[in-house]
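First the structure, in the form of structure tokens, and then the observations on it.
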Amino acid sequence: MPDTTPPPLDSAQVAHLASLARIALTADEIEKLTGELGVIIESIAKVSEVATPDVPATSHPIPLSNVFRPDVPGATLTVEQALSGAPERDGDRFKVSAILGEEQ
Amino acid sequence: MSGHGAVSGDSLISLSASVLAERLHSGELSSVEVTQAHLDRIAEVDGDIHAFLHVSADALKTAAEVDGARRLGAKLSPLAGVPVAIKDVLCTQDMPSTAGSRILEGWIPPYDATVVAKLRKARLIPLGKTNMDEFAMGSSTEHSAFGPTHNPWDLERIPGGSGGGSAAAVAAFEAPLALGSDTGGSIRQPAAVTGTVGMKPTYGGVSRYGAIALASSLDQVGPVTRTVLDAALLHDVIGGHDEHDSTSLTDAWPSFADAARAGAASGSLTGVRVGVVKELGGEGFQAGVSARFAEALDLMASAGAEIVEVSAPSFRYAIAAYYLILPAEASSNLAKFDSVRFGLRVNPPGGGTVEDVMAATREVGFGPEVKRRIILGTYALSAGYYDAYYGSAQKVRTLIQRDFDSAFSRADVLVSPAAPTTAFKLGEKLEDPLAMYLNDVTTIPANLAGVPGMGLPMGLAPEDGLPTGIQIMAPAHEDARIYTVGATLEALLEQSWGRTLISQAPGHPSMPLPDERAARLEGGTR
Amino acid sequence: MTSTADLMDFDKALELFEPVLGFEVHVELNTKTKMFSPAPNPAAPGADASEPNTMVTPVCLGLPGSLPVVNEQAIRFSISLGLALGCEIAPTSRFARKNYFYPDLAKNYQISQYDEPIAHDGLVEVELANGKTFRIEIERAHMEEDAGKLTHVGGATGRIQGADYSLVDYNRAGVPLVEIVTKMITGAEHDAPELAKAYVSAIRDIVVALGISEARMERGNLRCDANISLSPRGSGELGTRTETKNVNSLRSVERAIRYEIQRQAAILAAGGAIIQETRHWHEDSGTTSAGRPKSDADDYRYFPEPDLLPVEPSRALIEELRSALPEPPAVRRRRLKESWGFTDLEFQDVLNSGLLVEVESTVAAGASPAQARKWWTGEIARLANVAAVDPSSLVSPADVAALVALVESGELTDRLARQVLEGVIAGEGSPSEVVEKRGLKVVSDDGALIAAIDEALASQPDVLEKIRDGKVQAAGAVIGAVMKAMHGQADAARVRELVLERATTP
């Protein structure tokens, strides 16, 4: 079987992962995590040993399919309920700081 | 149930939920009395235990309403009027729901989790919300943002996790019943180390709606109690189909309480094939745990069970698969904590864009273990790594299911120790994530395969006098079988001990709390 | 925003480059409830989502603990659409999470479909004005959920750039969408802009015929992202593509494609390189501006949605939905042309204006085909052109049919009807309400007309004389005077009848 093990994790990669995960990790945290995750990844990478192409993937423990809901309106939250946890609001909308990125 | 009343004297809080329910039903006790007794107990001991993050201000009022309804002759459910503690991972409209995280501190959801709604409908009395590892990530409850919970058997030790709060609350007689959630052992492992009973139902047997998600394909809500019958009674209340949860099963579940009563009454395991999973024992297991487990097997054999050894070779990959699937799903599930609609908002110095605010909030709001797993999960799902990691882990899941299928073709139930060791000391494994992850070695396979599993007391380890637990697993949908076998084993064990395990706890209401309570670790209690 | 981009002459651009197109059309389904939650769907017929955050459940807000459950009707609609697009329906399809952070995305992941879409490999035939037919291959059609709506406050433009802060309304979050993705389209050449418009128009006709979407582009029910690249002629090499977003009218689709071809050609001819990016269409200036660059940072970390289960439609369900499909577009066009009795030219006029659905609906609402065509391709199209919007966004077929009815009953003249139409477009109400409010009704009260006629005849005795002498054409002067006195709100034919009657009555 070909070696599919990805290369070891470095701190630049951890910084990139932190930006994907939207966490402003400090430089110290990045260093610490790089080491810790390296050890963890090494120990969990063994899953690929037995994950041969002939084995199907299981995403749900109990196989079910076609679970649907009838198209019938149900109860909604009131505006006050919807906004009850908002850190900041403006009228009946949630307020956020200016957005840098574009819509996707 | 034999023994419970006898050893606990007449202390109200020492009664099991089933006994409380009978006395409430007969009018011998009122729900207000029972609830007040537990609130008093919380006031008395929770400063040391720290099982609760929030105690309900409405419990007595709710109890009075149930008493009123009972006086008027209302037809009430079996557990009506019995208090219950709720793990803080479950949404409650009237109490903060934080999942043990700073990022949700003070958040009061505008809706009830389905299981909470079912508790209210059955008129149980919510006592409060119990402590947990932040977002259920941990095996010791030390990762709670609000300080650790202490094991009532020894305040310097962990109560297990993530549901250490629920287990400790029940073990310390602060509540007769509690709800937990189990993603990789968070109900069963705390049960093992606190001498209590915890059941992880078949995946889909209990609704996940309103349970703050850790890993959606693994999470399951279940009962945490002191007796098998109590677990069954609570399971009967919270189980069943929920149209709000697509993965909820439509099974016509039998009465688990009936199953437990039948098991306790029979006292026999004749014809029951008990499979011992070779891979879930031996090296890495504390000697006293292995010894008690061997005795439990002997006891079952003497009651007529056929003990068979089964092998599940793929289980040695279970932890690895689990620590890929869980972080991957969690990294996505926890993305919603972004400071826009609910929860904490942290503005970085000098302001910043919404992107900066989100990143600063998540940096401050999440603890180190949560960040560690989010980064790990983000990595496992990244372009180029998906197949090697997440994809492979899903294949391991298939192999583990096949091992279970094969094992259950030879055995009716599978057994193992519920945790490899007794409760370890607070702080002992905090800096070694990998060592911490190994605590769930026996419980994780059941989550990966979706099968039900229960942890129940199997005696004290001779070397440290701390509780050990046995795990009983059954095929998916066969939760009732666990209650029957579990109740039989519980009765056999208690007969052999001459009393319940929990009655030997130093915090038992018939005994004073240990002197060491003053020597508890700092920073953890309110 | 102003554009400083250099543009190459369109014909010149086509001489040098071959355009390669691709489209992603998002269709908002008009189910009663959202894709994964029983909240009312703002894209349903007659829904009013104007009050922010009133059509939300814990699921729409991505509240902790909430879980999605699939709307069965959305599945049926998606299968029907897949079939109408000539697609294969997958025996097993799956939802997946597309992970990215954005404030309009409540969970910070979008539930979509990734490698297992519900429908794939279809074909749509598109006919152009010049009679050419294109076969556009559909790669896939998959189900997903819409995001909430952002309002950017502060700054000069009301756009995201320069805003002080933004506000979020999650009413739209979770509206069911089907995204239809084409394969690469080559060989369109000079017809590329028109083909783009015709394709989107064809999709719109299909979803309207199926009744699965309100399909109002100006409301965002139907949204088109257009991918364009230029390949140097004879090179055989594919160019770098851009994805133009926010194109929300048929007219804009055509203009945006034309603009991007001219813009890219100018850059390439000057030795520059096209940046792979999204571009935003600006209706007002008729230009596109640079948006987000596509980069390696785009890592959506798709994985199967663990909260949802596979969709495995039975053969029986697929056949049930197939048998209920409306007729194919080509067959439908032939049938409508025949039943309306239009000439080739008349029918093509309707098709080219993208007004087939509007005319059909107007006829269904009771108007004659000729009148329906006349109003839509005439006055309404003219007003739409002036306003630079699609005709369908101005007025509903029901209102047009009501207007036609008022004309045919003689209550309005054509001239008055045009004023009524303006009133309807201005939001003053239905045609009859506008007639009422503006007092535009034809004077059909003979008494009032006779009084005016008698007065006119009395003031022009010579004319009266001529009429009595049989010189009927002399009546024109009196009719003119009466119409003037009536402020034009009289039926000229009736006035003429009455003038002759009064003049010859002793």
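The chains referred to below are lettered A, B, ... by the order of the sequence lines, with proteins before strands, and numbering in each begins at 1. Note that the coordinates shown come from a computational prediction; the quantities given were computed from them, not determined experimentally.
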Between [options], which has the largest tally of heavy atom pairs under 4.5 Å with chain A?
{"options": "B/L218, B/V340, B/L448", "result": "B/V340"}
{"options": "B/S216, B/G450, B/S392, B/A449", "result": "B/S392"}
{"options": "B/L376, B/V357, B/I325, B/I374", "result": "B/L376"}
{"options": "B/V396, B/T202, B/D387, B/I375", "result": "B/I375"}

Please check this pair: side chain of [X] against backbone of [Y], looking for a donor-acceptor N/O pair closer than 3.5 Å.
{"X": "A/E36", "Y": "B/R372", "answer": "no"}
{"X": "B/R362", "Y": "A/R22", "answer": "yes"}
{"X": "A/K46", "Y": "B/R316", "answer": "yes"}
{"X": "B/K371", "Y": "A/I23", "answer": "no"}
{"X": "B/T398", "Y": "A/P56", "answer": "yes"}

For a side chain to side chain contact (heavy atoms under 4.5 Å, CB included) check, start with the C-alpha distance between A/I41 and B/Y389, then their side-chain angles and the critical distance, and finish with the verdict. CA-CA 9 Å; A/I41 288 165; B/Y389 291 138; 3.2 Å; yes
Checking heavy atoms, do the side chain of [X], its backbone, both or neither come under 4.5 Å from chain A?
{"X": "B/Y322", "answer": "neither"}
{"X": "B/A321", "answer": "both"}
{"X": "B/S382", "answer": "side chain"}

**Study point:** side chain to side chain contact (heavy atoms under 4.5 Å, CB included) between B/L399 and A/V55, intermediate numbers included
**Key:** CA-CA 8 Å; B/L399 297 174; A/V55 179; 4.0 Å; yes
Nearest 0.5 Å, what's the [atom1]-[atom2] distance between [X] and [Y]?
{"X": "A/S48", "Y": "B/Y317", "atom1": "OG", "atom2": "OH", "answer": "9.0 Å"}
{"X": "A/Q13", "Y": "B/Y385", "atom1": "CD", "atom2": "OH", "answer": "4.0 Å"}
{"X": "B/R402", "Y": "A/T58", "atom1": "CZ", "atom2": "OG1", "answer": "8.0 Å"}

Between A/I40 and B/P433, the two heavy atoms sitting closest are CD1-CB, 4.3 Å
In terms of heavy-atom contacts, B/A360 and A/A24 come closest through N-CB, 4.2 Å
### Query
Any ion pair linking B/E243 and A/R69 (charged N to carboxylate O, less than 4.0 Å)?
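No, this pair does not count.
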Hey, are B/E431 and A/K32 close enough for a salt bridge, meaning a charged N less than 4.0 Å from a carboxylate O?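 Here B/E431 pairs with A/K32 in a salt bridge, since their nearest N and O are under 4.0 Å apart.
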Scored by heavy-atom pairs under 4.5 Å with chain B, the best of A/S59, A/S19, A/G74 is A/S59
Can B/Y111 and A/Q81 be counted as having a side-chain donor-acceptor contact under 3.5 angstrom? no
